[in-house]
Amino acid sequence: MNLEQELTKRKKELMSTHKITTQKVNFKVFRFNADEDYLPYYEDYTMEVTSEEVVLDIMNRIKWDYDGSFSYRRSCRHGICGACAIKVNGRSTLACKESMTTMIEYFGNEMTIEPLSTKRAIKDMIIDKGDFWKKHEAVTPYVVDEIDETPESENLLSPAEANALNDADLCIQCGACHYACPVVEVNEDFMGPAAFAAAYRFEADVRDGDVSRLTDVNQMGSGVWDCVKCFECAEVCPKDVNPIEKITQLHNMLFQQGKAESNVATRHAVGFEKSIKKNGVLDEGGLVLYSEMAGIVKHVPVALKMFSKGKIVPPWGIVKSENLDEIQKLVKSSSTVKF
Amino acid sequence: MEKLRYALFTGCTAKQSTPEQYMSTMAVAEKLNIELVELTEASCCGASHLQDYDDFLSLVLNARNIAYAEKHGLTMVTICNTCQLNTAMTKHRLDNDADLKARVNEKLAEVGLEYKGTSLITHFLYAIIDDIGLDKIAEMVVTPLSQFNIAPFYGCHNIRPSELQNETHNKAENPYNPTSLDDLIIACGGKNVDYDEKNKCCGFHAELQAPKTAAILTGNAIAGAMDNNADWMVTPCPLCHLKLDTQTHHASEAIGRDVALPVLHMQQMLGLALGCDQNLLGMKHHLTKVDFV
């Protein structure tokens with residue numbers, strides 16, 4: 001068989017196994033023009049969607065085939081620039097990367113297309129991302145170092161040093177995690193998962209000499225301690241950056257470098273070790289008391305109600321773990337940090 | 001049907017602030033012909049906070065808990081979403097990193113234990129769906145919950161991160177459109193309520209550090225269920241339960257609207273449908289009165 005025959009054969013094989021399918025999908029699309037509209041509205045579009053298309057293709061078809069005024073951001077079409085992030089049925093997604101086949105598997109044939117944050121909409125899918133960039137900027141998202149202006153050699157990183165970034169450098173600042181974060185939604189001061197991933201990326205860089213970044217993410221109300229641990233950011237990230245893992249690593253850095261101050265959040269984390277060392281299991285009341293100290297007072301009304309319903313076990317009533325000596329030995333030998 | 005056997009990791013909450021969850025788990029297990037071997041040696045899993053302080057210690061302690069399930073040669077069943085996440089995450093990390101596993105086992109050897117990776121870890125909700133099946137459960141229902149609109153509240157740590165969670169049970173759960181708890185409601189004869197907050201966060205893990213944020217999230221969840229005509233809510237997670245059941249005052253204040261609904265643990269809902277003695281389901285331990293039983 002010559003090369004041409006071989007290629008024809010392979011093409012036929014591929015065509016026979018890879019079927020392009022088509023199905024009808026109803027789209028409900030968020031429309032809003034801040035210059036003209038008092039309120040946003042939703043426009044319906046029904047299209048035959050092929051299994052080869054991505055969400056961006058659908059947005060292009062709306063613009064090109066139905067309404068030229070439909071507006072959205074797009075640029076690279078390769079999941080690099082981060083411009084085209086939007087929400088499909090409430091799920092943040094990078095439009096150019098997300099296949100319609102996956103979306104149909106996830107949500108069936110009824111889809112709502114919205115901007116990442118409807119309350120920040122300027123025109124259709126285009127939002128004012130100012131809060132995202134402000135918070136990104138606040139973590140000093142660059143290497144701070146004294147630069148030798150006439151270096152004699154390159155400043156190389158070892159593979160181990162590069163691996164320490166733990167893929168945080170893959171972030172494309174698309175905002176998918178930021179606008180999926182429930183804390184960002186309700187607390188405008190919270191810096192958000194993307195900013196924390198960026199903070200980790202530069203803190204973990206051995207070349208960096210910045211001294212303020214960890215302090216900046218250590219603030220109550222805006223910093224890492226206000227994370228609710230919902231994993232929305234990890235779920236949604238189109239580049240698998242896993243921002244919540246970076247938030248945990250920032251917590252670890254704060255403790256390891258002695259920058260974690262004694263407050264309700266840090267004591268809450270440390271309190272688990274104390275309780276485990278004493279009982280194996282958690283002493284729930286003891287943990288709240290240790291974490292809150294005098295602040296415990298505000299919990300008293302609910303605690304009394306819980307007590308009356310048999311929901312609070314006093315310290316002497318706690319059933320400790322069996323083989324507690326093993327746990328105590330392991331806490332002693334495996335601890336890697338002091339508070 | 002052959003008796004199912006699992007190693008039960010109760011977690012701390014079921015033994016302290018949600019005693020009704022432990023009671024109803026035992027009552028339902030008996031009805032479903034499940035033997036639960038309780039891991040009385042287990043420590044606290046660290047509840048996703050210990051690892052913020054000391055990640056390695058958290059791994060060692062969770063590996064020790066799993067090692068006890070392995071000694072029994074049983075699947076470890078959890079009844080708390082956060083126990084499930086911490087334990088399954090430990091297993092995932094150790095099974096995929098030989099160096100880390102060796103370091104952890106070096107410590108466990110000091111107390112004569114070893115983590116092998118031989119036990120599966122799954123939440124009770126998924127254990128009964130996988131090993132008994134929804135059809136079989138529906139057949140066993142003696143008191144269908146047909147007069148109730150029931151709002152499922154999944155809890156983050158059973159559905160996210162989905163890549164990890166879907167390693168722990170047969171049918172993949174879509175974190176944006178989960179169905180397992182809806183399916184269980186339907187199997188119990190109830191009407192499942194669809195609402196936006198069913199797969200959202202209750203705020204529990206920031207209750208002390210960020211009380212306002214936590215209270216708003218709790219309020220939004222209950223309000224979402226109420227606005228979709230739910231008679232009550234059901235959850236597989238005792239931590240979500242604590243938030244939704246005991247924090248209604250703060251939640252109402254935070255969102256500027258009175259919100260409260262009875263909230264049942266999934267075991268209590270199942271127990272009602274399977275005809276368990278109601279005294280064994282512990283409804284009297286709830287703060288928001290369960291007034292329909």
Side-chain angles (χ1 to χ4, degrees), chain A residues 89-91 106-107 182-183 186-187 190 220-221 225-232 234-235 242 248 251-252 255 264-266 268-270 272-273 275-276 280-282 284-285 288 291-292 301-302 305-306 309-313 318-319 321-323 326-327 329-331 333-337 339, chain B residues 12-13 15-19 40-44 46-57 60-61 64 85 104 107-108 110-113 156-157 160-162 174-177 196 200-201 203-206 208-214 216-217 220 242 246-247 249-250 284-287:
Chain A
N89 287 21
R91 174 185 191 261
Y106 261 31
F107 301 120
V183 186
V186 303
N187 170 4
F190 188 61
M220 296 296 282
W225 304 105
D226 280 48
C227 168
V228 288
K229 301 176 182 285
C230 67
F231 284 76
E232 293 272 10
E235 191 64 44
N242 197 354
T248 301
H251 284 133
N252 292 158
F255 280 114
V264 63
T266 54
H268 186 236
V270 177
F272 277 87
E273 190 209 46
S275 196
I276 290 170
V281 299
L282 185 67
E284 292 177 335
V288 178
S291 308
E292 291 280 17
V302 174
K305 283 188 209 164
M306 289 177 69
K309 297 285 183 183
K311 280 179 159 311
I312 291 185
V313 177
I318 288 168
V319 181
S321 305
E322 281 174 27
N323 302 356
E326 287 176 13
I327 295 167
K329 195 168 175 186
L330 287 173
V331 171
S333 77
S334 308
S335 290
T336 60
V337 64
F339 180 65
Chain B
C12 307
T13 311
K15 290 297 183 73
Q16 294 180 44
S17 51
T18 60
T40 46
E41 308 89 349
S43 70
C44 170
S48 84
H49 295 283
L50 177 63
Q51 77 238 36
D52 288 346
Y53 175 51
D54 194 332
D55 184 55
F56 184 67
L57 176 62
V60 170
L61 292 171
R64 174 182 171 276
L85 174 70
V104 165
K107 296 295 171 193
L108 290 182
E110 293 171 10
V111 294
L113 290 168
C156 302
H157 293 171
R160 287 182 291 267
S162 59
N174 172 358
Y176 297 100
N177 188 21
D196 285 347
K200 299 289 192 298
C201 175
F204 179 87
H205 289 283
L208 300 188
Q209 310 90 300
K212 194 174 166 208
T213 297
I216 295 173
L217 298 183
N220 289 346
L242 276 172
T246 72
Q247 299 294 319
H249 175 70
H250 294 135
K284 68 177 168 64
H285 292 292
H286 292 220
L287 256 62

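Within every chain, numbering begins at 1; the chains are lettered A, B, ... in the order of the sequence lines, protein sequences first and strands thereafter.
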Q | Winner by heavy-atom pair count (cut-off under 4.5 Å) against chain A, out of B:Leu113, B:Thr40, B:Thr246 | A | B:Thr40
Q: Search all heavy atoms of A:Tyr106 against all heavy atoms of B:Tyr176 and return the closest pair with its distance.
A: CE2-CD1, 3.5 Å
(Q) As an exercise, state the distance from OG of A:Ser334 to CG of B:Asp54, rounded to the nearest 0.5 Å. (A) 8.5 Å
Q) Are any of the side-chain heavy atoms of A:Met306 and B:Ser17 separated by less than 4.5 Å? A) yes
Q | Min side-chain heavy-atom separation B:His250-A:Val302 under 4.5 Å | A | yes
(Q) Minimum heavy-atom separation for A:Cys230 and B:Arg160, please, with both atom names. (A) O-NE, 2.8 Å
Q | Residues that B:His49 engages under ring pair (Phe, Tyr, Trp, His ring centres under 6.0 Å), provided they are two or more places apart | A | A:His268, A:Phe272, B:His205
**Q.** Rounded distance [0.5 Å steps], OG in B:Ser43 versus CD1 in A:Ile276
**A.** 5.0 Å
Q: Examine whether an atom of A:Ser335 lies under 4.5 Å from a heavy atom of chain B, and if so say whether it belongs to the side chain, the backbone or both; otherwise answer neither.
A: both
**Q.** Per-residue contact mode, A:Asp226 against chain B (heavy atom under 4.5 angstrom)
**A.** both
Q. Checking A:Leu330 against chain B: side chain, backbone, both or neither under 4.5 Å from a heavy atom?
A. both
Q: Could you tell me which portion of A:Phe190 (side chain, backbone, both or neither) has an atom closer than 4.5 angstrom to a non-hydrogen atom of chain B?
A: neither
Q.
I'd like to verify something: which residue of B:Leu242, B:Leu208, B:Ile216, B:Thr18 has the highest number of heavy-atom pairs under 4.5 Å with chain A?
A. B:Leu208
Q) Does the side chain of A:Ile312 come within less than 4.5 Å of B:Gln16's, by heavy atoms? A) no
Q: Mark yes when over 12 heavy atoms from residues, nucleotides or ligands other than B:Lys15 sit less than 6.0 Å from its NZ; otherwise mark no.
A: yes
Q | Expected output: side-chain B:Asn177 to main-chain A:Phe107 donor-acceptor under 3.5 Å | A | no
Q) Relative to chain B, which segment of A:Met220 carries a heavy atom at a distance below 4.5 Å: side chain, backbone, both, or neither? A) side chain
Q: Using a cut-off of under 4.5 Å on heavy-atom pairs, state which of A:Ile327, A:Asn187, A:Thr248 scores highest against chain B.
A: A:Ile327
Q. Shortest non-hydrogen contact from A:Lys309 to B:His285?
A. O-ND1, 2.6 Å
**Q.** Segment of A:Phe231 engaging chain B (4.5 angstrom heavy-atom cut-off)
**A.** both
Q) Donor-acceptor pair, A:Asn252 side chain versus B:Asp52 backbone, under 3.5 Å? A) yes
Q) By side chain to side chain contact (heavy atoms under 4.5 Å, CB included), which residues pair with A:Asn323, not counting sequence neighbours? A) A:Asp325, A:Glu326, B:Glu41, B:Arg64, B:Tyr68
**Q.** Part of A:Glu292 lying under 4.5 Å from any heavy atom of chain B
**A.** side chain
Q. Is the shortest heavy-atom distance from the side chain of A:Thr336 to the side chain of B:Leu57 under 4.5 Å?
A. no
Q.
Looking only at heavy atoms and a cut-off of under 4.5 Å, which of B:Ser162, B:Ala210, B:Ala214 has the most pairs with chain A?
A. B:Ser162
Q. Looking at A:Asn89, A:Val288, A:Asn242, A:Val186, which one has more heavy-atom pairs under 4.5 Å with chain B than the rest?
A. A:Val186
**Q.** Donor-acceptor under 3.5 Å (A:Lys229 side chain, B:Ser48 main chain)
**A.** yes
Q) Do you know which of B:Lys212, B:His157, B:Lys200 has the most heavy-atom pairs with chain A at a distance under 4.5 angstrom? A) B:His157
**Q.** Among A:Val264, A:Val183, A:Val270, residue most engaged with chain B (heavy-atom pairs, under 4.5 Å)
**A.** A:Val270
Q) Does the side chain of B:Gln51 come within less than 4.5 Å of A:His251's, by heavy atoms? A) no
